Amino acid sequence: MSEREQVPMDVVFVGAGPANLAAALHLKAEIKRHDELVEKGFKQSREIGDIEIAIVEKGSFVGAHILSGAVMDPKAIRELMPDFIAEGCPVDSVVTEDAFWYLTEKGGINAPIVPPPLKNKGKYIVSLSRICEWLGEKCEAEGINIFPEFPAAELLFDENNAVVGVRTGDKGIDKEGHKKPNYEPGVDLLAKVTVLGEGSRGSLAKQLISRLGLMDGKEPQVFSLGVKELWEVPEGNFAEGKVVHTLGFPSDTRTYGGGWIYGMKNNVVSIGYVTGLDYEDPMIDPHAEFQKFKTNPKVAAVLAGGKMIKYGAKTINAGGYWTMPKLYADGVLLVGDSASMLNGQRIKGIHTAMKSGMLAAETIVGAFEHEDFSEKTLRHYEEKVNLSWIYDELHPVRNFHGAFQKGRWSALINTGLQFLTRGLAWGFMPKEHHVAGHERMLKLTDIGKIKTENGDRYAGVPFDKELTFDKVTDVFYGAVAHDEDQPCHLHVLDTEICATRCVEEYGNPCQRFCPAAVYEMEEREGRKELKVNFSNCVHCKTCDIADPYQIINWVTPEGGGGPNYKGM
Ligand code: SF4
């Protein structure tokens, strides 16, 4: 342990996303319920009483770094708060119409039948950022401590490898690593249980999984990158409550990809495109795929005469059930996207994230009841997940994403069979069908056929700043800000590889897979050198995931920096 200030807490939640906010609220309610039952003699146990709960969040406010499509299945929030609408939950619109478009370069068709997993009538179109802001207010009203601008930079372990809390990042360090006048050391928040709900590719979850081998015996996680804009469009272009999902253009048949268009209040449209980060062609650029998607005439017609008002990008865990890490260890639990709770087939994870948080909360109540915070008690969380509707939902679609690694057509056949067999379809194949995305990227020398087919993929995209935008312009609309005088939070472990092997082998794909123009190869003294414009970073984690050499390590920057997704 260090000389830093130590702040004792009981439970520390890392990340103010839907999983942890639901968990913290549910924990408060469940302790109250437990204590009442004990007091009235209905339960033979001990009272737990008031416990100190903290949520640390790297964004400048709760919701600042939260980005999703999003259509929310209200199943979990209804369990958390049955009267959530009356309680003021800021849902945007109710889904009134579903459509599924198969797109080609010049047009597309409305599928006569919307695939059942993509039927959303009656569910809610939301800004997840706004929902989290509201849940944060509910938490504060219950006496839960929320610390925005406090990134959890490290996990704290005791001598037996049990997690005993987190260390928050230092503030006021200059880019050379020296202390500035406003220097403030991070603090050690000590906790009996630490809950990691950092979202996709959380930096502490990554440390924990690697240190304790929580992915041993599991399939490697696969990720996708969602790139999104909000547009204001003329009245009549797209109805409020309408939800469109698309397949086809611009993805090639080897690459997982699909788009969405959701009609929100006041003629605002949420539009975005998801690209699987297990693509083979190193020339793919997920941001440019999205821009190209908007050039399809059916899509462009929705946006005609409108203007883009916000931008964001974020990865999601796409592997589902097979790629769930072990969800517990001594003193720690994993929830939400950090625990691979997303249903890839429905492209939905808010409800499963919230439910996982609630099950974590119920497990924590048991841990306090028995005063045992070791994995002997915390393992019940994984059991609860497997006995809940999370399992019922994720297990039947466990082979969904893996099938896409064999190409779009086999995936669609598999999806149909899977629907009929509750997921068994791919079960006849070897189980190990999720391959880590970075291992699937082909070298330039090996992409012959793909190169011929794909040509210059983005040649027809105008980047005209009307319909299609370059990355730097989009980043401006993400309201991204970092203090430039701080150490770079993107640790490239061997820049020599970038300047030599990667130029030849993959053509420096970081310039393409990053949706925020952070990575640039500059000509310096006759060779290419990497330049990292870290202040553009939207914290999507793509580089940490997709780099074929796995030499990029994303660590938390100074608290408060990053995008501002308010209302996204
Ligand atoms: Fe995303 Fe990495 Fe680019 Fe930041 S630097 S925006 S985390 S890809």
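In this text, all values refer to a predicted model and were calculated from it rather than measured experimentally.
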Give every residue pair that meets the ring-ring contact (aromatic ring centres under 6.0 Å, His included) criterion with at least one member in residues 489-508, sequence neighbours excluded.
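Sorted pair list: His482-His489, His489-Phe534, His489-His539, His489-Trp554, Tyr506-Tyr549.
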Any donor and acceptor pair, going by atom type alone, linking the side chain of [X] with main-chain N or O of [Y] inside 3.5 Å?
X      : Y      : result
Glu529 : Glu523 : no
Asn160 : Ala162 : no
Ser203 : Thr556 : no
Asn110 : Trp101 : no
Ser224 : Val274 : no
Thr315 : Cys540 : yes
Arg512 : Gly507 : yes
Lys228 : Ala313 : no
Ser338 : Gly199 : yes
Ser356 : Gly336 : yes

State, without any angle test, whether [X] and [Y] hold a side-chain donor-acceptor pair at a distance under 3.5 Å.
X      : Y      : result
Ser340 : Gln221 : yes
Trp260 : Thr246 : no
Lys106 : Asn296 : no
Tyr458 : His287 : no
Ser251 : Tyr273 : yes
Asn533 : Glu520 : yes

Listed pairs under 3.5 Å, donor-acceptor, residues 435-446 side chains, sequence neighbours left out:
from   : atom 1 : to     : atom 2 : distance (Å)
Arg440 : NE     : Asp278 : O      : 2.8
Arg440 : NH1    : Gln405 : O      : 3.2
Arg440 : NH2    : Asp278 : O      : 3.3

Residues which pass side-chain hydrogen bond (donor to acceptor under 3.5 Å, both in side chains) with Gln511, listed by chain and number, not counting sequence neighbours:
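side-chain hydrogen bond (donor to acceptor under 3.5 Å, both in side chains) list for Gln511, sorted by chain: empty.
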Restricting to side-chain hydrogen bond (donor to acceptor under 3.5 Å, both in side chains), what partner residues turn up for Asn343, sequence neighbours left out?
Glu393
Using the test ring-ring contact (aromatic ring centres under 6.0 Å, His included), find all partners of [X] that sit at least two apart in sequence or belong to another chain.
X      : value
Phe290 : none
Tyr256 : His401, Phe404
Tyr328 : none
Tyr321 : Tyr391, His395

Listed by chain and number, what are the salt bridge (charged side-chain N to carboxylate O under 4.0 Å, His left out) partners of Lys471, not counting sequence neighbours?
Asp285
Just to verify, what does Glu496 make a salt bridge (charged side-chain N to carboxylate O under 4.0 Å, His left out) with, not counting sequence neighbours?
Arg527
Between Arg457 and Asp252, is there a side-chain N and carboxylate O pair less than 4.0 Å apart?
yes
Is the shortest side-chain N to carboxylate O distance from Asp544 to Arg201 below 4.0 Å?
yes
Do any pairs count as a salt bridge (charged side-chain N to carboxylate O under 4.0 Å, His left out) and have a residue in residues 315-329, sequence neighbours left out, and if so which ones?
Lys326-Glu375
Minimal non-hydrogen separation, [X] against [Y], with atom names:
X      : Y      : result
Pro509 : Pro548 : CG-CD, 4.0 Å
Leu467 : Ala300 : CD2-CB, 4.1 Å
Pro286 : Leu277 : CG-CD2, 4.4 Å
Cys498 : Val492 : SG-CG1, 3.8 Å
Asp337 : Ile316 : OD2-CA, 4.0 Å
Pro151 : Lys58  : CB-CB, 3.7 Å

Quick one: are [X] and [Y] in side-chain contact, heavy atoms under 4.5 Å?
X      : Y      : value
Glu229 : Tyr477 : no
Phe223 : Asn317 : yes
Leu490 : Cys543 : yes
Leu118 : Asp98  : no

Could you walk me through whether Gln291 and Asp470 pass side-chain hydrogen bond (donor to acceptor under 3.5 Å, both in side chains), step by step?
CA-CA 8 Å; Gln291 301 306 319; Asp470 57 78; over 6 Å; no
Could you go step by step and tell me if Tyr262 and His245 meet the ring pair (Phe, Tyr, Trp, His ring centres under 6.0 Å) rule?
CA-CA 9 Å; Tyr262 302 155; His245 288 106; 5.5 Å; yes
Is there a side chain to side chain contact (heavy atoms under 4.5 Å, CB included) between Met72 and Leu128 once you walk through the steps?
CA-CA 8 Å; Met72 180 176 75; Leu128 188 58; 5.6 Å; no
Think Arg254 forms a cation-pi with Tyr279, using NZ or CZ under 6.0 Å from the six-ring centre and within 45 degrees of its axis?
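No, cation not above the ring by the 6.0 Å, 45° rule.
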Enumerate the side-chain hydrogen bond (donor to acceptor under 3.5 Å, both in side chains) contacts for residues 66-77, please, sequence neighbours excluded, ordered by first and then second residue.
Asp73-Arg346
Step by step, work out the side-chain hydrogen bond (donor to acceptor under 3.5 Å, both in side chains) result for Asn399 and Trp322.
CA-CA 8 Å; Asn399 297 314; Trp322 290 140; 2.8 Å; yes
Should Val95 and Ile125 be marked as a side chain to side chain contact (heavy atoms under 4.5 Å, CB included) after you check the CA-CA gap, both sets of side-chain angles, and the distance that decides it?
CA-CA 6 Å; Val95 180; Ile125 299 173; 3.8 Å; yes
From CA spacing to verdict: side chain to side chain contact (heavy atoms under 4.5 Å, CB included), Leu196, Leu155
CA-CA 10 Å; Leu196 301 183; Leu155 282 165; 4.3 Å; yes
Taking it one step at a time, do Tyr519 and Val532 satisfy side chain to side chain contact (heavy atoms under 4.5 Å, CB included)?
CA-CA 5 Å; Tyr519 299 99; Val532 181; 4.1 Å; yes
Identified side-chain contact (heavy atoms from CB on, under 4.5 Å) partner of Met341 from the options Ile350, Leu327, Leu334, Val335
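When Ile350, Leu327, Leu334, Val335 are each tested with Met341, the side-chain contact (heavy atoms from CB on, under 4.5 Å) holds only for Leu327.
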